[in-house]
Amino acid sequence: MQPVPRPLAPTYQDRRWELPPDAVVHHGTVDDAVRVLAGRTMTALTGAGVSTDSGIPDYRSPDSPKRAPMTYQQFVADEAFRRHYWARNHVGWQVVRRTEPNAGHRALAALEDRGVVRGVITQNVDLLHEDAGSRHVIDLHGRYDRVICLQCSRVISRAHLADRLDALNPGFIESVLADGATVADIETAPDADAVIEQTSHFVPAACEFCGGVLKPEIVYFGENVPRERVERAYALVDDADALLVAGTSLTVMSGLRFVRHAAKAGKPVVVVNRGETRGDPLATLKVDDGVTETLVALADRL
């Protein structure tokens with residue numbers, strides 16, 4: 001039996017960070033957030049913490065299991081890593097597609113309907129903002145429902161690939177389920193990576209057009225967000241009077257840069273997250289409370 005691929009040494013994105021001891025963080029309540037944001041338009045920047053109440057675990061909250069997401073370099077360089085990833089994703093994507101938006105997603109959509117929220121920049125790939133009714137969404141890290149060929153750049157739907165993988169791996173999903181379990185019982189990461197150990201017998205699919213390597217249309221660790229997408233996100237931040245950050249630790253620069261951009265422009269920044277975030281010292285106000293209930297309260301009062 002082939003060994004299960006293990007992640008390489010931690011990359012810079014996986015290292016824990018700590019706020020400097022002299023960092024000044026302005027903590028407050030929902031009432032304080034209402035006072036800061038009242039009468040202003042805002043752009044929302046969201047992370048995995050927005051979707052935890054929909055049943056999708058995040059990466060970095062205190063209660064989250066330790067995870068080491070596969071890097072882009074691992075995926076493109078090693079067929080065993082790709083086999084391991086696609087086997088787990090074949091189960092995990094079915095979990096993600098069955099999730100429903102929660103009240104926090106709906107609160108942001110309601111604020112957009114009223115013209116308070118200009119749009120959402122999300123680090124999530126689960127499409128729950130769109131499902132909740134948000135119309136102006138920048139999926140910064142891509143979306144779980146599309147697959148791209150790294151050779152010919154063709155994009156296909158994940159549902160179409162699922163049919164091909166089912167044909168190549170009859171009975172695979174049933175083989176990894178415990179007696180009486182369903183796919184919903186399997187632990188799954190925010191990028192639809194299900195926790196499955198036995199994957200060496202899985203047969204991945206090549207591109208049906210050119211035979212190239214297929215990859216989820218998701219930005220992996222070690223991969224750059226397309227420049228055009230980043231520029232649209234900066235423009236969305238510029239278009240609003242304030243930035244509302246919800247459910248992200250801002251550990252990686254991918255999201256933190258927009259907080260820095262807003263703060264440099266003198267825009268109020270309100271961060272809503274349980275636990276410290278890398279952007280706390282830049283925030284006008286930090287609300288250390290539940291994301292869903294805070295977003296609902298803001299939607300009711302703004």
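Along the sequence shown, the residues carry numbers beginning at 1.
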Open item on the list: Can you list everything that forms a salt bridge (Lys or Arg N to Asp or Glu O under 4.0 Å) with R118? Sequence neighbours excluded, please.
Closed with: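 Expected list: D239.
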Open item on the list: List the residues meeting salt bridge (Lys or Arg N to Asp or Glu O under 4.0 Å) with D113, not counting sequence neighbours, and say none if there are none.
Closed with: R135
With a 4.5 Å cut-off on side-chain heavy atoms, are [Y] and [X] touching?
| X | Y | result |
| --- | --- | --- |
| L298 | L244 | yes |
| L214 | W86 | yes |
| F221 | Y72 | no |

TODO: Verify the cluster assignment for L108 and V291: are they in a single hydrophobic cluster under the rule of side-chain heavy atoms below 4.5 Å apart?
DONE: yes
Open item on the list: Do R154 and F209 form a cation-pi contact, if we require the NZ or CZ to be under 6.0 Å from the six-membered ring centre and within 45 degrees of the ring's axis?
Closed with: yes
Open item on the list: Within 45 degrees of the ring normal and closer than 6.0 Å to the centroid, is that where the cationic atom of K215 sits relative to Y220?
Closed with: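 Yes, K215 and Y220 form such a contact.
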TODO: Please list, chain by chain and in numerical order, all residues satisfying side chain to side chain donor-acceptor pair (under 3.5 Å) with E100, sequence neighbours excluded.
DONE: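 If we apply the side chain to side chain donor-acceptor pair (under 3.5 Å) test to E100, skipping adjacent residues, there are no hits.
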Task: Partner residues of R146 under the side chain to side chain donor-acceptor pair (under 3.5 Å) criterion, sequence neighbours left out - done: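 For R146 the side chain to side chain donor-acceptor pair (under 3.5 Å) partners, ignoring immediate neighbours, are E217.
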Task: Electrostatic pair R229-D139, nearest N-O below 4.0 angstrom - done: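 Judged by the 4.0 Å cut-off on N to carboxylate O distance, R229 and D139 do not form a salt bridge.
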Task: K267/D241 ion pair, N-O < 4.0 Å - done: no
- [ ] Mind checking ring pair (Phe, Tyr, Trp, His ring centres under 6.0 Å) for H105 and listing every partner two or more places apart, or none if nothing turns up?
- [x]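 Result, ring pair (Phe, Tyr, Trp, His ring centres under 6.0 Å) vs H105: H129.
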- [ ] With sequence neighbours excluded, tell me which residues meet side-chain contact (heavy atoms from CB on, under 4.5 Å) with D145.
- [x]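 side-chain contact (heavy atoms from CB on, under 4.5 Å) list for D145, sorted by chain: L127, R143.
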